[in-house]
Q: 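I have a structure here, written as structure tokens, and I will follow up with some questions on it.
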2 protein chains.
Amino acid sequence: MYSISEVSRLTDTSAHTIRYYEKEGLLFPDRTASGVRQYDDKHIDWLRFVLRLRATHMPIDQIRQYVALFRASSDDHDTTLDRLALLEQHQTLVRAQLAELQLTEQMITEKISSYHRLHPSIPGKQPSQSR
Amino acid sequence: MYSISEVSRLTDTSAHTIRYYEKEGLLFPDRTASGVRQYDDKHIDWLRFVLRLRATHMPIDQIRQYVALFRASSDDHDTTLDRLALLEQHQTLVRAQLAELQLTEQMITEKISSYHRLHPSIPGKQPSQSR
DNA sequence: GCTTGACTTAGAGTTCACTCGAAGGAGTAG
DNA sequence: CTACTCCTTCGAGTGAACTCTAAGTCAAGC
């Protein structure tokens with residue numbers, strides 16, 4: 001089991017943020033008798049997944065819904081479909097972001113090499129000489 | 001020449017935001033005698049480039065610096081190197097975002113197909129039957 | 001000449017996701 | 001026992017990027 005400061009180090013996330021995520025309903029660590037948060041490997045894995053979702057701009061609100069669906073799932077109420085829907089929705093967004101980034105990467109690369117063409121004397125990263 | 005509302009339509013950006021970008025020093029349209037903004041195709045192209053940079057999380061502040069360098073450029077003060085540095089810096093960021101997105105896309109796709117494995121009866125986007 | 005609708009400005013308000021601060025409690029080392 | 005560190009909560013503050021409001025100006029059509 002890990003303390004919040006260990007989780008903070010392991011995931012490179014401030015303790016403040018980890019508590020904030022808990023308050024927002026994204027994370028449910030165990031507690032000691034005295035109320036201290038205790039995290040196991042599964043909690044860490046989940047947090048890492050959440051951080052990935054955030055890094056790809058899934059809103060906290062939607063992640064909360066996803067978590068809530070997990071916790072609402074029971075024998076007579078299966079939430080798999082709803083969770084799937086949320087995942088697929090985010091997948092679509094991620095792919096859109098990928099497309100946008102790829103286009104922009106090309107534009108920037110193009111602009112950079114046009115600068116090099118106009119100013120052949122410029123130092124710095126030249127189109128790699130190797131190979 | 002285009003009015004702000006035409007630019008708004010052409011770039012799918014609110015007139016508010018376009019004026020805001022101008023206030024932030026990202027955009028310098030012409031003005032009529034009475035002070036009405038007038039945009040030409042070059043302005044539109046530049047705005048589209050700015051929107052790309054924004055969509056890939058280049059801060060407005062940095063875009064402003066980039067624009068300012070253009071306008072500061074003169075015969076005895078060439079700013080090409082500084083502009084190149086800004087572009088290369090953003091290129092690095094874009095590539096990092098690409099890597100993150102690709103990883104996350106894989107994770108989500110994996111999770112989605114594991115849902116499908118567990119619930120083979122689920123409707124919706126199945127791993128495409130075509131081809 | 002007057003109405004209409006798009007335009008102008010400065011500045012205030014909103015949203016999101018943190019980020020921090022203050023005040024205090026629990027467990028451990030000396 | 002005392003000092004120290006890490007933990008707790010609640011609530012306020014921050015920063016970026018919009019987003020909107022209010023009050024007013026201007027040009028075109030009737």
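Note that the structure is predicted; figures quoted are calculated from it, not measured. Just so we're on the same page: letters track the sequence lines, and every chain starts at 1.
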Q: On DNA chain D, does the nearest nucleotide to A:H16 precede the nearest nucleotide to B:I60 from the 5' side, or the other way round? Give the residue.
A: A:H16
Q: Report the distance from atom CZ of B:R64 to atom P of D:dA16, rounded to the nearest whole Å.
A: 10 Å
Q: Do A:F70 and A:R83 have side chains that approach each other closer than 4.5 Å (heavy atoms only, starting at C-beta)?
A: yes
Q: Do B:L86 and B:L69 make a side-chain contact, defined as non-hydrogen atoms from C-beta onward lying under 4.5 Å apart?
A: yes
Q: Is the cationic atom of B:R54 (NZ for Lys, CZ for Arg) positioned less than 6.0 Å from the six-membered ring centroid of B:F49 and within 45 degrees of its normal?
A: no
Q: Would you mind reading off the distance between B:L53 atom CG and D:dA17 atom P, rounded to a whole angstrom?
A: 12 Å
Q: Checking all strands, does B:S3 fall into the base, sugar-phosphate, or nothing category for heavy-atom contacts under 4.0 angstrom?
A: sugar-phosphate
Q: More than 12 heavy atoms of other residues, nucleotides or ligands under 6.0 Å from CG of A:D45: yes or no?
A: yes
Q: Where along residues 19-33 of chain B does a heavy atom come under 4.0 Å from DNA chain D, residue by residue in number order?
A: B:Y20, B:Y21
Q: From CG of B:L47 over to C1' of D:dC18, roughly how many Å is that when rounded to an integer?
A: 15 Å
Q: Walk along DNA chain C from 5' to 3' and tell me the first and last nucleotide with an atom closer than 4.0 Å to a non-hydrogen atom of chain A.
A: C:dA17 to C:dG27
Q: Does a side-chain N or O of A:R37 approach OP1 or OP2 of D:dC7 to a distance below 4.0 Å, or not?
A: no
Q: Okay, side chain of A:W46, backbone of A:L26: is any donor-acceptor separation there less than 3.5 Å?
A: yes
Q: Once you build an axis from the first five pairs and another from the last five of the helix from C:dG1-D:dC30 to C:dG30-D:dC1, how far apart in angle are they, to 10 degrees?
A: 10°
